[in-house]
Amino acid sequence: MEVIHERVAGIDISKVDVKVCIRVPSEKRRRSEVRTFSAMTSGLLAKRDWLLAEGITVVGMEATGVYWKPAFYRLEHDMECWLLNARHMKSVPGRKTDVKDSEWIAKLVEHGLVGPSFVPPEPIRQLRDVTRYRTEVVRERTRETQRLEKLLEDTGIKLSATVSNIQGVSGRAMLEALIAGERDPRVLADLAKGSMRRKTDALTEALTGTFTAHHAFLARAMLDRIDASTATETRLSEHLEVMLQPFRRLIGPPAGLDSLAAVGAGCPVLLSPACSRANPGRGAAPATDRPFE
């Protein structure tokens with residue numbers, strides 16, 4: 001079979017170690033050698049040094065959970081790294097049962113039987129990390145708000161049926177008063193602000209319930225978690241603004257925050273020359289590829 005890439009390596013990755021098979025030219029036939037390295041940073045650096053010493057130009061590795069990331073990141077600036085889709089690898093016929101995973105990967109890359117999945121360059125990966133974490137923080141805040149609504153339902157207080165947002169100015173003032181010990185529904189309803197004051201009678205009815213010290217304790221804990229999530233979201237958003245400054249001219253107004261992280265580096269104009277050099281030969285992954293995580 002025709003050799004497409006002369007000096008290749010295949011990496012089989014686990015949580016504790018990485019098994020590396022190289023395939024390079026020799027005097028009579030192609031030479032194959034397998035070594036095992038620790039998955040710790042020292043082992044990954046030793047693996048990189050060995051591959052560089054052997055003149056390896058293309059490295060293939062299977063996307064195994066999150067364990068592939070350190071191995072990939074330690075090599076991406078020194079040689080062409082291919083993240084391989086396991087489904088594509090399994091669809092290639094001819095594998096023998098006694099062939100090591102790393103050796104099989106090396107042979108697939110060597111003969112051009114598989115192609116790389118798309119891995120964004122480092123600046124886009126960092127943006128994705130922050131935006132995805134911010135999304136999780138917002139989701140957790142929403143879940144905590146829903147827990148608070150259920151707690152109020154347990155007391156017979158129907159605040160969410162009258163106020164569109166119990167975390168708004170009026171709703172928050174009423175909740176703080178309840179936690180502080182106020183139980184008179186008319187006094188609580190009188191805390192409404194702006195247009196909510198037109199609903200005083202409905203609020204009085206909705207705020208009539210059996211809110212006890214037990215509920216006050218839980219409500220305080222929930223509100224504190226909601227406030228902490230809001231503060232975290234604010235810090236993440238501010239950090240994103242700083243990270244986006246190099247891209248501001250390209251993506252336009254701040255509304256592009258999440259769209260940039262969602263699109264990633266699929267748009268070539270977002271790649272700096274340095275990013276392009278660090279990611280040679282990478283195109284978009286086929287539609288069936290596992291998405292980058």
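In this chain, numbering begins with 1 at the start of the sequence shown.
Salt bridge present: Arg248 and Glu241 bring a charged side-chain N and a carboxylate O closer than 4.0 Å. A salt bridge links Glu6 to Arg30: one of the charged nitrogens lies within less than 4.0 Å of a carboxylate oxygen.
Distance check: Arg7 CZ to Thr57 OG1 gives 8.5 Å after rounding to the nearest 0.5 Å.
Among pairs with a residue in residues 190-203, those fulfilling side-chain hydrogen bond (donor to acceptor under 3.5 Å, both in side chains) read Asp190-Arg197, at least two apart in sequence or across chains. Evaluation of the side-chain hydrogen bond (donor to acceptor under 3.5 Å, both in side chains) test over residues 13-23, restricted to residues two or more places apart or in two chains, returns Ser14-Asp17, Asp17-Lys19, Arg23-Glu110. Sorted by first and then second residue, the pairs that involve residues 1-42 and meet ring-ring contact (aromatic ring centres under 6.0 Å, His included), not counting sequence neighbours, are His5-Trp82, Phe37-Trp50. Pairs of residues two or more places apart, or lying in two chains, that qualify as side-chain hydrogen bond (donor to acceptor under 3.5 Å, both in side chains) and include a residue from residues 159-183 are Gln167-Arg172, Arg172-Glu176, Arg172-Asp227, Glu176-Arg220.
When the shell of 6.0 Å around CZ of Arg186 is examined, it contains 12 or fewer heavy atoms from other residues, nucleotides or ligands. Within 6.0 Å of CD on Gln126 lie more than 12 heavy atoms contributed by other residues, nucleotides or ligands.
For the side-chain contact (heavy atoms from CB on, under 4.5 Å) test, no residue two or more places apart in sequence or in another chain qualifies with Phe217. Applying the side-chain hydrogen bond (donor to acceptor under 3.5 Å, both in side chains) rule to Thr230 yields the partners Arg141; only residues at least two apart in sequence or on another chain are considered. Evaluation of the salt bridge (Lys or Arg N to Asp or Glu O under 4.0 Å) rule for Arg147 yields Glu140, Glu144 as partners, not counting sequence neighbours. Partners of Val114 according to the side-chain contact (heavy atoms from CB on, under 4.5 Å) rule, which considers only residues two or more places apart in sequence or in another chain, are Leu84, Met89, Val92, Leu108, Val109. Under the side-chain hydrogen bond (donor to acceptor under 3.5 Å, both in side chains) criterion, Thr212 pairs with His215, sequence neighbours left out. For Glu33, the salt bridge (Lys or Arg N to Asp or Glu O under 4.0 Å) partners are Arg31, Arg35, not counting sequence neighbours. Every salt bridge (Lys or Arg N to Asp or Glu O under 4.0 Å) that Glu136 has, sequence neighbours left out, goes to Arg139. Scanning for side-chain hydrogen bond (donor to acceptor under 3.5 Å, both in side chains) contacts around Gln245 gives an empty result, with sequence neighbours left out.
Considering only heavy atoms from C-beta on, Cys21 stays 4.5 Å or farther from Lys100 through its side chain. At least one side-chain heavy atom of Ile11 sits less than 4.5 Å from a side-chain heavy atom of Leu75. The side-chain heavy atoms of Glu62 and Ile13, taken from C-beta on, include no pair separated by under 4.5 Å. Between Leu51 and Met79 the shortest side-chain heavy-atom distance falls below 4.5 Å. Thr208 places none of its side-chain heavy atoms less than 4.5 Å from the side chain of Ile157. Considering only heavy atoms from C-beta on, Ser102 stays 4.5 Å or farther from Val20 through its side chain. Proximity of Val16 to Tyr67: side-chain heavy atoms (C-beta onward) are nowhere separated by under 4.5 Å. Under the 4.5 Å side-chain criterion, counting only non-hydrogen atoms from C-beta, Leu148 is in contact with Leu175.
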Discussion item. Please evaluate residues Val8 and Ile22 with respect to the criterion side chain to side chain contact (heavy atoms under 4.5 Å, CB included), reporting the C-alpha separation (whole Å), side-chain torsions for both, the decisive distance (0.1 Å), and the verdict.
Written reply: CA-CA 6 Å; Val8 303; Ile22 63 168; over 6 Å; no

Item to complete: Please step through side chain to side chain contact (heavy atoms under 4.5 Å, CB included) for the pair Arg125 and Val119, ending with a clear verdict.
Response: CA-CA 9 Å; Arg125 294 200 300 260; Val119 178; 4.0 Å; yes

Item to complete: Could you please spell out the steps behind the salt bridge (Lys or Arg N to Asp or Glu O under 4.0 Å) verdict for Glu76 and Lys69?
Response: CA-CA 10 Å; Glu76 64 176 336; Lys69 294 184 177 182; over 6 Å; no

Item to complete: Could you go through the side chain to side chain contact (heavy atoms under 4.5 Å, CB included) check for Leu83 and Met61 one step at a time?
Response: CA-CA 5 Å; Leu83 183 66; Met61 64 189 75; 4.3 Å; yes

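Not one N or O on the side chain of Arg74 forms a donor-acceptor pair closer than 3.5 Å with the backbone of Arg48.
Note on Val24: it clusters hydrophobically with Leu52, by side-chain heavy-atom contacts below 4.5 Å among ILVMFWY residues. Residues Tyr73 and Ile56 share a single hydrophobic cluster, defined by chaining ILVMFWY side chains whose heavy atoms lie under 4.5 Å apart. In the hydrophobic clustering of this structure, Leu127 does not group with Val138; members are Ile, Leu, Val, Met, Phe, Trp, Tyr whose side-chain heavy atoms approach within less than 4.5 Å, directly or through other members.
For the pairing with Val18, the side-chain contact (heavy atoms from CB on, under 4.5 Å) check across Leu44, Thr64, Thr36 returns one residue only, Leu44.
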